[in-house]
Structure formats: C-alpha cells, structure tokens
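Everything numeric in this text was worked out from a predicted model, so none of it was measured. Quick note on labels: first sequence line is chain A, next is B, and so on, each numbered from 1.
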Amino acid sequence: MHSTEMNRWTGMPYSVRYFEILEKRKTLPVWLQKDEFLEALMANQILILVGETGSGKTTQIPQFVLEAEDLGNPPAVACTQPRRVAAMSVSRRVAEEMDVTIGEEVGYTIRFEDCSSQKTVLKYLTDGMLLREAMADPLLERYKVIILDEAHERTLATDVLFGLLKEVLRKRSDLKLVVMSATLEAEKFQDYFNGATLMKVPGRLHPVEILYTSEPEVDYLEAAIRTVVQIHMSEPPGDILLFLTGEEEIEDACRKIRKEINDLGDQFGPVKAVPLYSSLPPAMQQKIFEPAPAPLRVGGLPGRKIVVSTNIAETSLTIDGIVYVIDPGFSKQKVYNPQVRVESLLVTPISKASAHQRSGRAGRTRPGKCFRLYTEKSFSIDLEPQTYPEIQRSNLANTVLILKKLGIDDLVHFDFMDPPAPDTLIRALEVLNYLGALDDDGNLTKLGEIMSEFPLDPQMSKMLIVSPGFNCSHEILTISAMLSAPPCFNRPKDAQKAADDAKARFSHIDGDHLTLLNVYHAYKQNNEDTSWCFDNFINPRAMKTAVNVRQQLVRIMARLNLKLCSPNFNSRAYFINIRKALLSGYFMQVAHLENKGDYMTVKDNQSVHLHPSNCLDHTPEWVIYNEYVLTSRNFIRTVTDVRGEWLVDIAPHYYDLSNFPSGEAKRVLERLYAMRQREKEVGKIRNRVK
DNA sequence: GAGCACTGC
C-alpha cells in the first residue's frame, strides 16, 4: 500500500514542485471531467474525445488513463503525436508533472531517438513510429491503451492506424483506444468507430472577432499588406500574424511591410516584421519569440511584432502574444496526379477547418481579431469543410507496401475512413510489382518484405538492396541519405554567383546524384565543419540530417545482412556501377532526349525539361531523375546520365516493347534490343566453335 | 536558366 504522499511510480515522496504543478493542472478544463472520463474509459473499448486548444487533453488524459484500475500490470499506454518536437516536449512536461525522470516511467520514441526503457508505462511517440512498431508487432501487444492525439490532422500514418487499430481491437478485447481531436469532425469519427462514445471537453481560448471583407480581393498579397498597415495605424497594441504561402512571398511581404510602415513617418510605433517558414535557419526562427520593439522615444507609441508565416504557425508552432490574425485564405498543398505519378505543390484555398484554426491563433493570450481577406459568403460557399486528408493527396507506393507488410491483402476493401482514389492504389500496386516487391497476384515477395524495413520510398529501398550486387552499397547509402535530406545547396539572393561557383566545384559531369556524393565526401573530409559549410554555400542542417539518415540506413543494412562495400575508386567502373545501381531502383523515372531538343518521360510521354540547377555539361540521350516538379514549366530535377543499353539489361520487364507507347524512345530501344539479340547469337556461334 | 507548404519512418 502506498501512502497518498508517496509517488506510486518511484516509491519516493513527492517533491514540492509536484504539488505546485498539481495545483495548476487542476485548473485545466479537462480536470472537471476526470471522473466522467474514467467511467467512460472503463465502460467502453473505444472513446472519442474532442477538445479545443487549451483543454489540457494531451498532457492530462494519458495520466488519467494511468489511474484507471483495470489496465493490468504494468500498464502500457502509448500516445501518438504527428510531430517529433511535440512528442518530445509533451513527454518531458508529463514526466515533470508525474515527478519521474524522463526516459524511465514516462518516455518518448521518435525516428532518431528512443528515450524509453523497460520501466516506461507511458510513452509518447510519433504516429509514424507507432506504425513502424505495428509492422514488427501487428497486434501491438505491448500496449493496453493507445491514444491517437491530433487525429483531426489526418496525417497519412494516423489514417493507416485508424484502419489497422479497428481490426486489432476486434482481435484484442483487452485493448482500448482513445481518439483525441479538435471538434469539427467528431461525428464522423464516431460513425467510423461504430458509434463509439463521444466526450466533449471545452477549450480555453479567448473570444476572437471574425471580420470579412465586403468585396472579394483581387490581389491577396497587396490586400494583406494593406491590412497590416491599417491595423498598425488604428488598432490597439498587440502583435500580428499574417499567413502567406511560401518563402519567396513571405520575404517579399516582409520587405514591403517594413518599407510602407517606414514611409508612414514617426507618428506611429516601430514594427519588426519577422518571416517564418521551416527552411529558415533556427536562429532566424527564434526571432518570432522576441518581444515587440520598444517605443521610439519615452512615452511614444508601443512597437508591434508582425510575424509573416506559412502554415507552420497553424499547427506546429504557437506564438504567444498574437492578437491580430490576417488570413488571406490560401496555402500551398500537396496534390497527387496518379496519371503521371507526380506529386506537386499548388496554392489552394484553405478549408473552413483551417480558417478556424488560423483565427484561433489570435485568442491565446487575450481577446483578438481575425481579418479574413475574403467575403463571408465565399467562406460559407467556396471553402470545403475540411482539408482533404493526406491519404487522398499522396503517392501511396510506400503506404501500400506498409499495408501489405501489415498483412492487409485486400486493399480495396480495407476500412479507410476516407478511401484513396482507386487510380492511386492501382498505380501504387503497379510500381511495387515492377520493383518486384509484389508478385503478379499482389502478394508481398521476400524482396518486398526486405524493402518494407527501410524508411524510404520503394524505389530507393530497391536500389539500396541491389547495390551490393554492383559493389557500391556505401555510395548508394550516401546518395539515398542526401536525397532524403533537405536540399543541401544554399543560393542566397544576394550571392547567387558565388553560390553557383561554389556548387560547380562539387559538380560531377555524369549528373546530380554523383554531385551529391561529392558534397557528402567533402563534408566528411572537412570533419562535418559548419563554417566549411558556410564558406561553400552548403546547408549544414541538411548535411546533419543526411549523416543521421545514413547511420540509420547502415544499421538496417547490417541487420538485414546486406553487404557494405565500395568499388575500387580508381577503377573505370566506379561511377558506372553507381549509375547502374541508381537505375535499378529508378528505371521508372527515365526521360529520353527527343530530336526537338526537349525530353520526354519514358512510357508516360510527358514533355519535360532539365531543371536549370542541374550540373551536367551536356544533354545526355537518357537520364534518370529524382523529382518531377511542376512550376513555370515541367522540370525534372536531380538528374543523372544513364545508357540506353542499361535500360534493356536492368529492367527488361518495364522496357517491354509490346507494351510501350510508340515514339522516338521506342525506336531507339528496338535497336538496342536487336543489338543485344545479335550479341547473344554471336555468343552462341562462338560457343559452338569452341 | 529556376524557387522548396508541412510532416513522418
């Protein structure tokens, strides 16, 4: 028996700090419903809990679950988060609240860090990580209660977990599921989970007044800047958050805001316009937390901070002190076109749910205002209620591989909350079949099973797995890591020439993949030195990521007994082997140089251009490409020279001419096949003569 | 001769 003053988890007396935090915890809205929650948890296998920001659900509900008595011993509770930082910071907070050491009773697991142990009874982890765990342990037997938090965000991993857990719950009556979400789709969740019990928790936000424009705006950027200036001139003190769509637009807007407010003269307070987007260096991102500037003179008007941000401020980052939100109603969103197998980013109107989330950012510290730069009518008629879930906007090759590995054979009848387009599923199955991950009946092959172990796209896993056969797994590991990291070349607007010159020093004439290999080697040779990075216009964050990813991939290769090897650097075949290995994974991403001088993607027959960032000094007849980007033109980016003969040698099943659209590429391939045929015949005759 | 919303394994 523990006394009430003893910590149940450590057997130690509680610290003073514990009681201090406890008093604060008790003021959170969710505490009023603690008993109600525990009763509902006892009585149901599935529980939906909806609550707005500030209810305290993410930190408190998992602790309430630990108090439930029928959890078994030791109780094992998992709580998912869509983002790593959230998993980390929330678990740290909860460990403090429970008066235990992080990594012991309370821990977290994210891609590059497992901070948990045998003792861990409550673990926060990313949704993608729980999905990985499910691949090794399909019934998730180590857990008694699983909490899916931020379910309304509908990440790919959360959507897959929905369907998976629904099946697991049928097989495991001892497992419980709590789905936590913002309010808007509560009934939809309830229906999906067979009418599960729904509990609502109030949030704790200050009221936000919503203002619409009376007429539609023609130019949202101009309107946004005008609104910033108006707020600054006529509204009481308080910081401004403006949502725009991307880096360039944001930097441009910051310059214009600074200029316009400067032009107003000094009868208004000073402003600090700060950009915010994910590729911004962390030191620059920190600026959003700096206070607004001080008045220009004693007794003068107070200054104002104006944060101009992408959607990152909608979910991932919260900034206190924001009183005014300006929402032009757009964001960049990923869309997938299964016909040409291309994911691209498009500036798209946001959803009502997203508009609601944005306006909420104005009411975190005190009552605020949200200026929507569209009409009220447009809000109610034009905006979709919800953003389409990611599963309906993505290439699903990797997801289908995971589902197959999880033992889900019949994808068409898998219980998706929102099923992906049939075309997308068919495309994914086709790609996996061409790669040899699925047989012709759609069953996972041994190769497919190995591929599923890698946290990579199937094309990349395939090239890694076959790379020992080309004696170059070290090099393919490096290239895979570099392709998985953010772009490594910096090209600041004020130093473009210098940046291009620096990049040219890494160039390999056979292509960008080999250039990436050169950069990585140079980075290692210079001891991963950050100042070397700056001197060479290399992004040090990208390089650190690449090193991390590479280490993880090396561990997986070793675990799977895949050989780590390098060809002799001085051999003529060194780069040829690497290029052949690349092609073994990416034979579906090849373009052919046409007589007109432009490129045509093989089989899909899309007219494309080499992206100007490429490092080739010639236009090869055949190239493999890593990315297809739709911007001002159709570009293929990160390209490497390959030989036509390799196509027919390495991927004859894909370059099957009986099933090939006619055109220049087909005529060239016909000649290559004929050549190979003649070689075979000559070989036979020689053998006979012998 | 150009531009990368945001995550995640």
Fill in: Qualifying residue, where the test is side chain to side chain contact (heavy atoms under 4.5 Å, CB included) with A/T348 and the options are A/L346, A/L345, A/I350
A/L346

Output the rounded distance in Å from [atom1] ([X]) to [atom2] ([N]).
| X | N | atom1 | atom2 | answer |
| --- | --- | --- | --- | --- |
| A/D114 | B/dC9 | CG | C1' | 14 Å |
| A/L148 | B/dG8 | CG | P | 17 Å |
| A/I391 | B/dG8 | CD1 | C1' | 14 Å |
| A/E113 | B/dG8 | CD | P | 13 Å |
| A/N548 | B/dG8 | CG | P | 13 Å |
| A/L403 | B/dC9 | CG | C1' | 14 Å |
| A/R84 | B/dG8 | CZ | C1' | 7 Å |
| A/D127 | B/dC9 | CG | P | 8 Å |

I'd like to know whether [atom1] of [X] has more than 12 heavy-atom contacts from other residues, nucleotides or ligands below 6.0 angstrom.
| X | atom1 | value |
| --- | --- | --- |
| A/Y388 | OH | no |
| A/F289 | CZ | yes |
| A/R633 | CZ | no |

Discussion item. So if I apply the salt bridge (charged side-chain N to carboxylate O under 4.0 Å, His left out) rule between A/D501 and each of A/R505, A/K503, A/K497, which one comes out positive?
Written reply: A/K497

Item to complete: Answer yes when A/R559 and A/E453 have at least one side-chain N-carboxylate O distance shorter than 4.0 Å, and no when they do not.
Response: yes

Worksheet item: Which is true for A/I402 with a 4.0 Å heavy-atom rule: it touches a base, it touches only sugar-phosphate, or it touches nothing?
Response: nothing

Worksheet entry | Footprint string (nucleotides 1-6 of chain B, 5' to 3'): B base within contact, S backbone only, - free, heavy atoms under 4.0 Å | BBBBBS

